[in-house]
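One-based numbering, in listed order, for ligands and for the atoms of each.
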Amino acid sequence: MKHLISPLDLSLQELDHILSLGQNILQHPEQYAHVCDGKKLATLFYEPSTRTRLSFEAAMLNLGGSVLGFSSADSSSASKGESVADTIRVISSYADICAMRHPKEGAPTVAAMHSEIPVINAGDGGHNHPTQTLTDLLTIKTLTGRLDHMTIGMCGDLKFGRTVHSLINAMVRYPGVRFILISPDELRIPDYLRQEVLIDGNIDFIETNELEKYMPELDILYMTRVQRERFFNEEDYIRLKDSFILDAQKMQYAKKDMYVLHPLPRVNEIATEVDKDPRAVYFKQAKFGVYVRMALIMTLLGLDK
Ligand code: CP
């Protein structure tokens with residue numbers, strides 16, 4: 001049995017398989033309408049979500065399966081003190097596969113240790129968000145035709161942004177990838193990521209707080225929200241939240257074939273005027289999340305052959 005806790009749990013071959021399957025589902029969704037007949041997905045969400053939870057549910061329903069679960073810790077027995085380990089032991093006899101989001105880093109790992117069904121990390125604290133990464137990779141590959149030899153700008157909260165951490169970990173495995181990491185000084189990437197992944201991996205990267213300067217070099221601009229829920233201090237959040245706002249004027253500096261991605265939700269960091277620019281693909285990206293999660297569910301259940 002395989003779980004997905006980090007993007008690195010998948011070999012490059014497995015990753016390519018899931019992305020290819022996702023692209024095939026995108027083109028021929030009707031062929032997959034009964035692959036999971038009789039199967040159940042449990043969505044165990046201890047933290048708020050719109051896209052991840054609902055796209056997992058849509059994915060399982062599209063495959064002919066069923067879904068059950070909870071959407072907040074308050075509406076589960078976690079509010080009475082039940083541990084993640086006990087919860088997953090019970091859920092293992094109710095469902096065939098589960099997706100878990102939890103505010104504590106490592107909670108899905110604990111679940112996987114006690115589970116009899118595949119556990120998918122749907123986001124754990126500021127740590128990892130591997131299915132967002134699969135979504136991002138499917139979007140980039142489908143729109144540009146490649147995952148290698150590109151310059152990726154990541155902008156916003158690079159310290160707490162689990163989508164950023166997961167995407168960097170995934171993209172460094174492709175040749176010729178270069179990162180421009182754009183953030184306020186306080187929200188730079190964590191030290192372990194800078195040292196162990198980028199420096200030790202001999203990856204080309206720049207840390208800066210200048211968005212406009214680097215716009216013309218980017219193939220992808222990955223915007224992120226400054227996450228209020230990760231700050232200990234409201235004053236720091238207010239000071240930093242509008243550090244970078246992408247607008248139509250800044251888009252003029254970008255290449256004609258650059259794409260703007262964002263895991264969403266957005267707050268202020270992309271002006272709504274950018275939405276009508278054909279290079280703004282974040283809503284398309286959210287749609288791709290359903291197809292790649294269909295591919296992942298099929299793969300983890302061994303129904304992808
Ligand atoms: N991208 C993402 O994780 O969105 P949600 O928090 O709405 O699930």
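When the options Val164, Thr133, Val197 are evaluated for a side chain to side chain contact (heavy atoms under 4.5 Å, CB included) with Asn169, the one that passes is Val197.
Here's the thing with Pro265: none of its N/O atoms is less than 3.5 angstrom from an N/O atom of ligand 1. At under 3.5 Å, not a single nitrogen or oxygen of Arg53, backbone or side chain, sits near a nitrogen or oxygen of ligand 1. Here's the thing with Leu264: one of its N/O atoms is less than 3.5 angstrom from an N/O atom of ligand 1.
Residue Thr52 has at least one heavy-atom neighbour below 4.0 Å for each of these atoms of ligand 1: 2 (C), 3 (O), 4 (O), 5 (P), 8 (O). The contact set between ligand 1 and Gln132, taken as ligand atoms under 4.0 Å from a residue heavy atom, comprises 1 (N), 2 (C).
With hydrogens left out, the protein atom closest to atom 4 (O) of ligand 1 is Arg51 NE, 3.1 Å, a heavy atom. Pro263 O, 2.8 Å is the protein heavy atom nearest to atom 1 (N) of ligand 1. Closest protein heavy atom to atom 6 (O) of ligand 1: Arg101 NH1, 2.9 Å.
A donor-acceptor pair shorter than 3.5 Å can be found between the side chains of Thr142 and Gln23. Side-chain contact check for Thr43 and Glu57: at least one donor-acceptor pair (N or O, by modelled atom type) lies under 3.5 Å. Looking only at atom types and distance, the side chain of Arg101 has a donor-acceptor partner in the side chain of His129 under 3.5 Å away.
At least one side-chain heavy atom of Arg173 sits under 4.5 Å from a side-chain heavy atom of Leu8. By the 4.5 Å heavy-atom criterion applied to side chains, Gln285 and Thr135 are counted as neighbours.
Using modelled atom types, no side-chain atom of Asp16 and backbone atom of Gln13 make a donor-acceptor pair closer than 3.5 Å.
Nearest-residue assignment for atom 7 (O) of ligand 1 (options Thr50, Asp136, Thr163, Thr135; heavy-atom criterion): Thr50.
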